[in-house]
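Scroll down for the structure; my scribbles are underneath it.
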Amino acid sequence: MVMDNLYSSTAAELLKPLRLKEISCADIVNSVYGRIEAVDNKIKAYVFLDKEKTARQIRDSSLENNDGKLKGIPVAIKDNICVEDERTTCSSKILKSFAPPYNATVIERLLMAGAIPMGKTNMDEFAFGSSCESSCYSPTLNPWDLERIPGGSSGGSAAAVAADEAIMALGSDTGGSIRQPAALCGVVGVKPTYGRVSRYGLIAFASSLDQIGPITKDVYDAALLMSVIAGFDEKDSTSVNIPVPDYTGFLKEDVRGIRLGIPKEYFIEGIDPEVERAVKDAIGLYRELGAQIIAVSLPHTDYAIAVYYIIATAEASSNLARFDGVQYGHRCEEPANILDMYERTRGEAFGDEVKRRIILGTHVLSSGYYDAYYLKAQKVRRLIKNDFDSVFESGIDCILTPTSPTPAFKLGEKSNNPLAMYLSDIFTISANLAGVPAISIPCGFTKNNLPVGMQLIGNFFEEEKLFKVAYTYEQKARWHKKKPQL
Amino acid sequence: MGIKEEKVRYLARLARIRLSDKEVNLFSRQLDDILAYVNKLNSLNIQKETLPLSHPHAPSNLHRADEFKPSIPAQTALKNAPQRKGDFFCVPKIIEN
């Protein structure tokens with residue numbers, strides 16, 4: 001293997017030479033550092049890199065004796081996942097100096113598997129966003145076009161993987177925050193079934209919607225990383241006690257007889273025609289490979305965004321109440337009294353989008369409005385979940401849709417219009433509301449060389465089926481081999 | 001129904017966030033748009049029997065054995081304290097005389 005180019009490999013490609021000691025973990029990390037130094041001033045994917053800590057972890061003798069699935073592989077971590085004693089800020093001023101006193105469960109699982117959590121990646125503040133523009137640091141840029149956003153909120157992780165600044169990465173997904181940036185950056189992103197991966201140590205946005213998931217260069221790496229992070233955790237009472245299969249064992253190229261549902265509500269006016277073309281070509285390829293293509297309906301799709309922006313903001317307003325200047329994070333100077341401390345601390349250190357969502361969430365939960373908004377939204381959420389249940393009960397294996405209605409948009413294009421920004425989540429949101437798993441994989445490029453992603457949505461805890469169906473397409477179409485010119 | 005500036009100020013007080021006049025004005029307009037959009041839920045005929053969904057999986061109480069397990073020590077928990085005094089987080093007086 002060429003030492004200089006290790007950064008451009010997948011984890012799978014590195015594991016065997018690592019095992020045979022042809023390369024070392026330090027070789028990989030140094031190669032990735034070299035790449036970060038070369039391009040991150042343009043992309044700004046990382047907000048924090050603790051080289052000393054990483055060097056210590058590599059030297060740590062327990063790594064020598066570890067024979068875990070990801071031994072020696074560095075993994076970039078989204079900045080809302082707690083890493084012990086490492087600044088974890090959710091790209092927010094209010095947590096700028098916060099260093100968690102514990103590791104998130106997914107970090108513990110990475111360490112047990114021999115992986116090296118390396119660096120913190122940029123995000124929309126508190127994961128509120130679809131473009132990485134609301135970060136308190138500067139926005140991350142799309143490696144395919146530096147005038148465009150990478151998507152969000154896991155924009156830093158997706159851009160880092162796309163630019164080979166990370167071998168693999170973790171993101172989080174509440175309304176599409178793994179899948180949409182994966183699509184816009186031409187990489188693979190997975191939102192697991194709700195409860196598949198522990199949320200302990202994930203700084204919460206909306207507790208009934210959040211999941212941590214992999215962002216990787218190909219489907220194999222995503223399956224590998226999922227096998228490591230998934231599993232029951234007694235510290236997360238919403239995690240589900242179902243065994244975790246070795247997802248990589250299901251990666252065969254075979255979709256004969258697989259029933260793919262194409263929901264008519266996802267192919268509507270307003271989709272970029274090049275996105276539609278790329279996804280329809282992918283459907284054509286699946287048909288050639290022996291899959292059955294079946295028209296289905298998810299009738300309540302049109303209400304998903306309204307439901308989401310009531311439920312997610314309500315939950316967020318509750319979850320962000322803890323940022324009050326008392327135990328950690330920013331506190332305003334010389335508070336006059338306790339109320340002043342709360343109001344000024346939060347007023348000074350939360351960004352606009354965060355304030356907007358907290359105010360909206362407070363409104364929909366407030367006395368007199370709870371029934372009209374929150375309760376109603378929860379009922380429609382039931383209807384949305386029922387739509388998915390009906391489709392899967394009718395024998396559909398996976399639902400296929402575009403991931404995003406458009407390719408990456410320009411920096412600043414939607415930042416002054418919150419509603420326009422929210423509407424870009426239209427295809428990803430329903431999977432969070434229902435709790436079903438979904439994956440985004442590259443399925444083409446526009447004339448301007450911007451990636452297009454397609455989404456596969458599966459039934460509860462059927463990630464292995466999603467991986468197989470995604471892998472089959474990927475190996476034939478091979479979009480994942482194309483890299484941005486940097 | 002739209003959202004007036006005085007309502008935004010009231011909500012900001014509930015949420016314990018100090019907003020500037022400019023922010024109140026901006027959010028009032030933006031939230032108006034957002035609420036107008038979410039009001040489309042009113043056009044949906046929801047059957048009375050439809051139960052609200054708060055959680056993707058059927059909720060059940062989870063218990064653990066009543067056993068002592070170590071937790072984060074006090075000194076560790078105080079590491080990020082904006083202000084501390086000994087083993088305590090220091091805050092402005094909470095209880096009025």
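Side chains included, hydrogens not; waters and symmetry mates left out as well; all remaining heavy atoms used. Order of the sequence lines sets the chain letters (A, B, ...), proteins ahead of strands, with each chain counted from 1.
Between A/R199 and A/D233 there is no salt bridge, since none of the side-chain N atoms of the basic residue sits less than 4.0 Å from a carboxylate O of the acidic one.
For A/S317, no part lies near chain B; criterion is any non-hydrogen pair under 4.5 Å. At a 4.5 Å heavy-atom cutoff, the contact between B/R13 and chain A is made by backbone and side-chain atoms alike. Of the atoms belonging to A/F350, it is side-chain heavy atoms, and not backbone ones, that fall under 4.5 Å from chain B. At a 4.5 Å heavy-atom cutoff, the contact between A/D340 and chain B is made by backbone and side-chain atoms alike. With a 4.5 Å cut-off on non-hydrogen atoms, A/L423 touches chain B through its side chain but not through its backbone. At a 4.5 Å heavy-atom cutoff, A/Y374 makes no contact with chain B through either its backbone or its side chain. Interface remark: A/I310 contributes side-chain atoms only to the contact with chain B (heavy atom separation under 4.5 Å). In this structure, the portions of B/Q83 lying under 4.5 Å from any heavy atom of chain A include both its backbone and its side chain. In this structure, chain A has a heavy atom under 4.5 Å from the side chain of B/L31, while its backbone stays farther away. Both the backbone and the side chain of A/A99 have a heavy atom closer than 4.5 Å to some heavy atom of chain B. Heavy-atom distances place the side chain of B/I72, and not its backbone, under 4.5 Å from chain A. For A/V436, no part lies under 4.5 angstrom from a heavy atom of chain B. Contact of A/D324 with chain B is not made at all, since no heavy-atom distance falls under 4.5 Å. Neither the backbone nor the side chain of A/N241 comes within contact range of chain B; no heavy atoms are under 4.5 Å apart. With a threshold of 4.5 angstrom between heavy atoms, A/E348 does not approach chain B through any atom at all. For chain A, the nearby part of B/K79 is the side chain; its heavy atoms alone come within less than 4.5 Å. Both the backbone and the side chain of B/L51 come within less than 4.5 Å of a heavy atom in chain A.
A ring-centre distance under 6.0 Å is found for A/Y102 and A/Y200. In this structure, A/F388 has its ring center at least 6.0 angstrom away from the ring center of A/H300. The six-membered or imidazole ring of A/F126 lies near that of A/F323, with a centre-to-centre distance under 6.0 Å. Aromatic ring centres of A/F205 and A/F128 lie closer together than 6.0 Å.
Side chains of B/R29 and B/N25: a donor on one and an acceptor on the other come within 3.5 Å. There is a side-chain donor-acceptor pair under 3.5 Å between B/Q30 and A/R356. Side-chain polar atoms of A/R87 and A/S97 form no donor-acceptor pair below 3.5 angstrom. With hydrogens and angles left out, the side-chain atoms of A/D173 and A/Q211 include no donor and acceptor closer than 3.5 Å. If you check the side chains of A/E125 and A/S134, you find no donor sitting under 3.5 Å from an acceptor. Under the 3.5 Å distance criterion, with hydrogens and angles disregarded, a donor-acceptor pair is assigned to the side chains of A/S130 and A/D425. Inspection of the A/N319 and A/S207 side chains reveals an N or O donor paired with an N or O acceptor under 3.5 Å.
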Before giving the answer on salt bridge (Lys or Arg N to Asp or Glu O under 4.0 Å), spell out for A/R196 and A/E463 the whole-Å C-alpha distance, their side-chain angles and the decisive distance to 0.1 Å.
-> CA-CA 10 Å; A/R196 178 78 283 190; A/E463 281 86 346; 5.4 Å; no
Derivation and outcome, side-chain contact (heavy atoms from CB on, under 4.5 Å), residues A/Y370 and A/L365 | CA-CA 5 Å; A/Y370 181 94; A/L365 288 175; 4.0 Å; yes
Test log, rule salt bridge (Lys or Arg N to Asp or Glu O under 4.0 Å), inputs B/K4 and B/D32 | CA-CA 8 Å; B/K4 296 189 174 53; B/D32 246 359; over 6 Å; no
Please step through ring-ring contact (aromatic ring centres under 6.0 Å, His included) for the pair A/F461 and B/H57, ending with a clear verdict.
-> CA-CA 12 Å; A/F461 300 104; B/H57 306 304; 5.5 Å; yes
Quick one: do A/R357 and A/Y309 satisfy side-chain contact (heavy atoms from CB on, under 4.5 Å)? Show the steps, please.
-> CA-CA 8 Å; A/R357 293 199 193 193; A/Y309 278 99; 3.6 Å; yes
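Chosen from B/V8, B/L53, B/L78, B/V38, the residue pairing most often with chain A at heavy-atom distances under 4.5 Å is B/L53. Counting heavy-atom pairs under 4.5 Å between each of B/I46, B/L14, B/D33 and chain A puts B/I46 at the top. Of the listed residues (A/P101, A/A306, A/G347), the greatest number of heavy-atom pairs within a distance under 4.5 Å of chain B belongs to A/A306. When each of A/L433, A/L419, A/L375 is checked for heavy-atom pairs under 4.5 Å with chain B, A/L419 comes out on top. Listed options A/V380, A/L209, A/N417 were ranked by heavy-atom pairs under 4.5 angstrom with chain B; first place goes to A/V380. For the options A/N386, A/N432, A/I359, heavy-atom pairs under 4.5 Å to chain B are most numerous at A/I359. Interface remark: of the candidates B/N42, B/L19, B/L44, B/L44 forms the most heavy-atom pairs closer than 4.5 Å to chain A.
Between B/H55 and A/Y194, the ring planes are perpendicular. Angles over 60° get that label, and only those under 30° would be called parallel.
Contact residues of residues 329-338 of chain A toward chain B are A/G329, A/R331, A/P335, A/N337, A/I338 (heavy-atom distance under 4.5 Å).
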